[in-house]
2 protein chains.
Amino acid sequence: MAKDKLSERQQGMLAFIREFTGENGYPPTIRQIGEAVGISSTSVVNYNLNKLEKDGYLTRDLKVSRGLRLVGETPRGFVKVPLVGYIFASEPVPVPGEASAFAPDEAIELTRDLLADDQDLYALRVRGDSMIDAMVNEGDIVVMKKQAQARNGEMVAVWLRDKEETTLKRFYLENGRVRLQPANPKMGPIFVDPEKVEVQGKVVLVLRQLN
Amino acid sequence: MAKDKLSERQQGMLAFIREFTGENGYPPTIRQIGEAVGISSTSVVNYNLNKLEKDGYLTRDLKVSRGLRLVGETPRGFVKVPLVGYIFASEPVPVPGEASAFAPDEAIELTRDLLADDQDLYALRVRGDSMIDAMVNEGDIVVMKKQAQARNGEMVAVWLRDKEETTLKRFYLENGRVRLQPANPKMGPIFVDPEKVEVQGKVVLVLRQLN
DNA sequence: CATTATACAGAACATTCGTTCGGAAGTCAA
DNA sequence: TTGACTTCCGAACGAATGTTCTGTATAATG
């Protein structure tokens with residue numbers, strides 16, 4: 001609660017805890033903190049840690065070695081999504097084989113709060129500019145969730161049998177036909193016979209890195 | 001190195017370590033691991049940990065409490081980017097004030113490998129569909145790096161003084177004039193007097209979450 | 001059969017590590 | 001001044017925790 005400014009020592013402690021934890025994968029002990037910031041007595045470190053906790057900068061688990069956690073650093077929720085290939089209009093999208101749970105030459109790491117769900121995900125790099133109507137372009141990465149069915153309104157990757165083409169669209173089944181709505185609101189939908197549509201997966205995230 | 005398959009116990013240990021660490025921010029003790037997977041003797045846990053280390057599944061720091069680290073389990077690279085507002089065509093983009101280092105009602109967390117740089121970043125939510133030519137749309141999130149100058153080829157947010165409009169384009173200064181190139185390759189560039197262009201920041205990442 | 005390696009248990013041991021206590025020095029207000 | 005409060009130190013205590021040792025059972029090997 002005390003909204004006092006932190007003492008230099010306390011700032012140093014926070015900085016050290018952050019750095020140490022990042023480097024070692026576990027937090028430092030009281031004695032390590034003391035040594036780092038130049039405190040000879042463990043009780044003083046303890047004293048300041050309690051203060052920092054009261055001020056809301058960290059959480060302590062009493063009686064537990066290294067029982068520290070910086071608040072805000074918390075979530076620690078990662079998802080590693082294998083980058084399994086490319087997506088472009090003229091081919092069906094690759095779907096990672098069941099068996100090959102692991103062979104990802106590459107993977108991207110995302111924080112879990114970017115995703116609603118973290119099961120059955122895989123990522124594809126967009127190749128070519130044939131998907132501009134889906135607002136994705138060469139180099140973008142689309143994160144897909146493996147599923148063969150789509151619910152209305154979901155953005156899915158579909159393979160159009162007769163056109164022999166992959167496309168990313170919002171999916172609507174209505175009046176016995178499938179309406180595929182481009183992401184770009186300035187473009188109109190296309191209508192397809194449900195028999196001719198193969199849902200390859202649902203798009204859950206699009207990433208575009210600029211450099 | 002032993003490429004034997006892991007015993008069920010060892011898999012359980014790895015899973016527990018991963019879960020515990022994710023939940024608490026620090027790894028479990030030997031005894032906690034033992035309890036979790038049903039091993040009564042600390043020596044047996046130790047034994048299996050050594051085996052797992054030899055097989056390359058984790059790293060141990062001897063003599064150190066909770067001195068465990070799962071390999072491949074992320075170098076813990078987070079970046080917390082404050083979500084400071086909205087971007088739309090009819091207003092200049094907000095730039096977080098120098099002083100207000102903290103006031104982010106919201107923030108998004110990204111893994112560091114998504115970004116080339118992690119300094120001076122902030123995020124904006126796209127409002128409206130007036131930026132479709134930049135391949136971003138309502139609801140998308142753009143991550144910006146604060147900078148007032150652009151180098152050729154960079155994707156920047158610029159404020160066009162005479163049009164009174166914000167736009168996202170690739171920036172090229174050539175022959176004394178500025179060429180602004182839309183992300184959408186099917187659209188042509190616009191040319192502007194350098195005096196009329198205010199660079200508000202560089203776009204480093206575009207995120208689109210679908211739900 | 002004897003030998004070796006693996007996987008485990010239990011107990012004891014040795015540190016590491018969090019906690020507590022008495023006290024000292026400084027600041028601030030009554 | 002006195003008294004409270006804060007910040008610090010040093011030392012000691014006890015619990016938490018990693019390590020080691022002895023021993024057993026099993027399977028594979030020759």
Side-chain angles (χ1 to χ4, degrees), chain A residues 1-21 23-71, chain B residues 1-21 23-71:
Chain A
M1 295 294 174
K3 277 291 114 189
D4 305 325
K5 212 188 308 290
L6 293 181
S7 73
E8 196 167 323
R9 221 171 219 197
Q10 290 167 347
Q11 291 189 29
M13 287 172 60
L14 287 179
F16 173 70
I17 293 170
R18 183 170 297 118
E19 182 194 335
F20 185 100
T21 308
E23 216 155 282
N24 296 283
Y26 47 83
T29 66
I30 285 186
R31 284 171 177 81
Q32 287 171 326
I33 297 172
E35 194 179 348
V37 299
I39 297 178
S40 65
S41 174
T42 58
S43 67
V44 176
V45 178
N46 193 45
Y47 170 80
N48 282 290
L49 282 178
N50 285 331
K51 183 143 299 191
L52 286 170
E53 182 177 28
K54 186 157 56 97
D55 290 4
Y57 290 96
L58 50 81
T59 303
R60 298 192 72 186
D61 295 337
L62 295 188
K63 303 264 194 183
V64 169
S65 71
R66 306 173 191 275
L68 296 176
R69 185 196 297 210
L70 295 181
V71 312
Chain B
M1 288 300 172
K3 277 291 118 189
D4 305 325
K5 212 189 305 290
L6 294 181
S7 72
E8 196 168 322
R9 226 175 214 191
Q10 290 167 347
Q11 291 188 30
M13 288 172 59
L14 287 178
F16 174 70
I17 294 170
R18 183 172 298 118
E19 182 193 335
F20 184 101
T21 308
E23 218 156 281
N24 295 282
Y26 46 83
T29 66
I30 285 186
R31 282 172 179 80
Q32 287 170 325
I33 298 173
E35 195 178 348
V37 299
I39 297 179
S40 66
S41 174
T42 59
S43 68
V44 176
V45 178
N46 193 45
Y47 170 79
N48 283 289
L49 283 178
N50 285 330
K51 182 144 301 192
L52 286 169
E53 182 177 28
K54 187 157 56 100
D55 291 4
Y57 290 95
L58 50 80
T59 303
R60 299 192 70 186
D61 295 337
L62 295 189
K63 303 265 196 182
V64 169
S65 70
R66 305 172 192 278
L68 295 177
R69 186 199 300 215
L70 295 181
V71 311

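Naming convention: chains lettered A, B, ... in sequence-line order (proteins, then strands); numbering from 1 in each chain. Computation of the quantities below employed the complete heavy-atom set of this structure, encompassing side-chain atoms and omitting hydrogens, waters and symmetry-equivalent molecules.
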Quick check on side chain to side chain contact (heavy atoms under 4.5 Å, CB included): which of A:Val45, A:Ile39, A:Thr42 does A:Arg31 satisfy it with?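 Per the side chain to side chain contact (heavy atoms under 4.5 Å, CB included) rule, the option paired with A:Arg31 is A:Thr42, out of A:Val45, A:Ile39, A:Thr42.
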
Let me know which of B:Asn46, B:Asn48, B:Val44 forms a side chain to side chain contact (heavy atoms under 4.5 Å, CB included) with B:Ile30.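 Checked B:Asn46, B:Asn48, B:Val44 against B:Ile30; only one passes side chain to side chain contact (heavy atoms under 4.5 Å, CB included): B:Asn46.
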
In whole angstrom, give the distance that lies between atom [atom1] of [X] and atom [atom2] of [N].
| X | N | atom1 | atom2 | value |
| --- | --- | --- | --- | --- |
| A:Leu49 | D:dT7 | CG | C1' | 14 Å |
| A:Arg66 | C:dT16 | CZ | C1' | 9 Å |
| A:Met13 | D:dC8 | CE | P | 9 Å |
| A:Asp61 | D:dT17 | CG | P | 11 Å |
| A:Leu62 | D:dA16 | CG | P | 12 Å |
| B:Gln10 | C:dA7 | CD | P | 7 Å |
| B:Arg60 | D:dT19 | CZ | C1' | 9 Å |
| A:Lys54 | D:dT7 | NZ | C1' | 13 Å |

Could you tell me whether the phosphate oxygens of [N], OP1 or OP2, come under 4.0 Å of any side-chain nitrogen or oxygen in [X]?
| X | N | value |
| --- | --- | --- |
| B:Asn46 | D:dT17 | no |
| B:Asn48 | C:dC8 | yes |
| B:Arg9 | C:dC8 | yes |
| A:Lys51 | D:dT6 | no |

Given the structure, check if the side chain of A:Thr42 and the base of C:dT19 hold any donor-acceptor pair shorter than 3.5 Å.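 It does, because a donor-acceptor pair links the side chain of A:Thr42 to the base of C:dT19 below 3.5 Å.
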
On a plain distance test, is the side chain of B:Ser65 in donor-acceptor contact with the base of D:dG18 below 3.5 Å?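 Flag unset: no donor-acceptor pair detected.
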
Pairwise 5' ranking along DNA chain D for B:Ser43 and A:Lys63, keeping only the more 5' one: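 Result: A:Lys63.
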
Is any side-chain heavy atom of [Y] closer than 4.5 Å to one of [X]?
| X | Y | result |
| --- | --- | --- |
| B:Leu68 | B:Leu52 | no |
| A:Arg60 | A:Asn50 | yes |
| A:Thr21 | A:Leu70 | no |

Evaluation steps, side chain to side chain donor-acceptor pair (under 3.5 Å), between B:Asn24 and A:Arg66: CA-CA 10 Å; B:Asn24 295 282; A:Arg66 306 173 191 275; over 6 Å; no

Quick one: closest heavy-atom pair of A:Phe20 and A:Pro28, and the distance?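 Closest approach of A:Phe20 to A:Pro28, heavy atoms only: CD2-N, 3.4 Å.
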
In residues 28-40 of chain A, what residues come within less than 4.0 Å of DNA chain C, judged by heavy atoms?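 Those residues are A:Thr29, A:Ile30, A:Arg31.
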
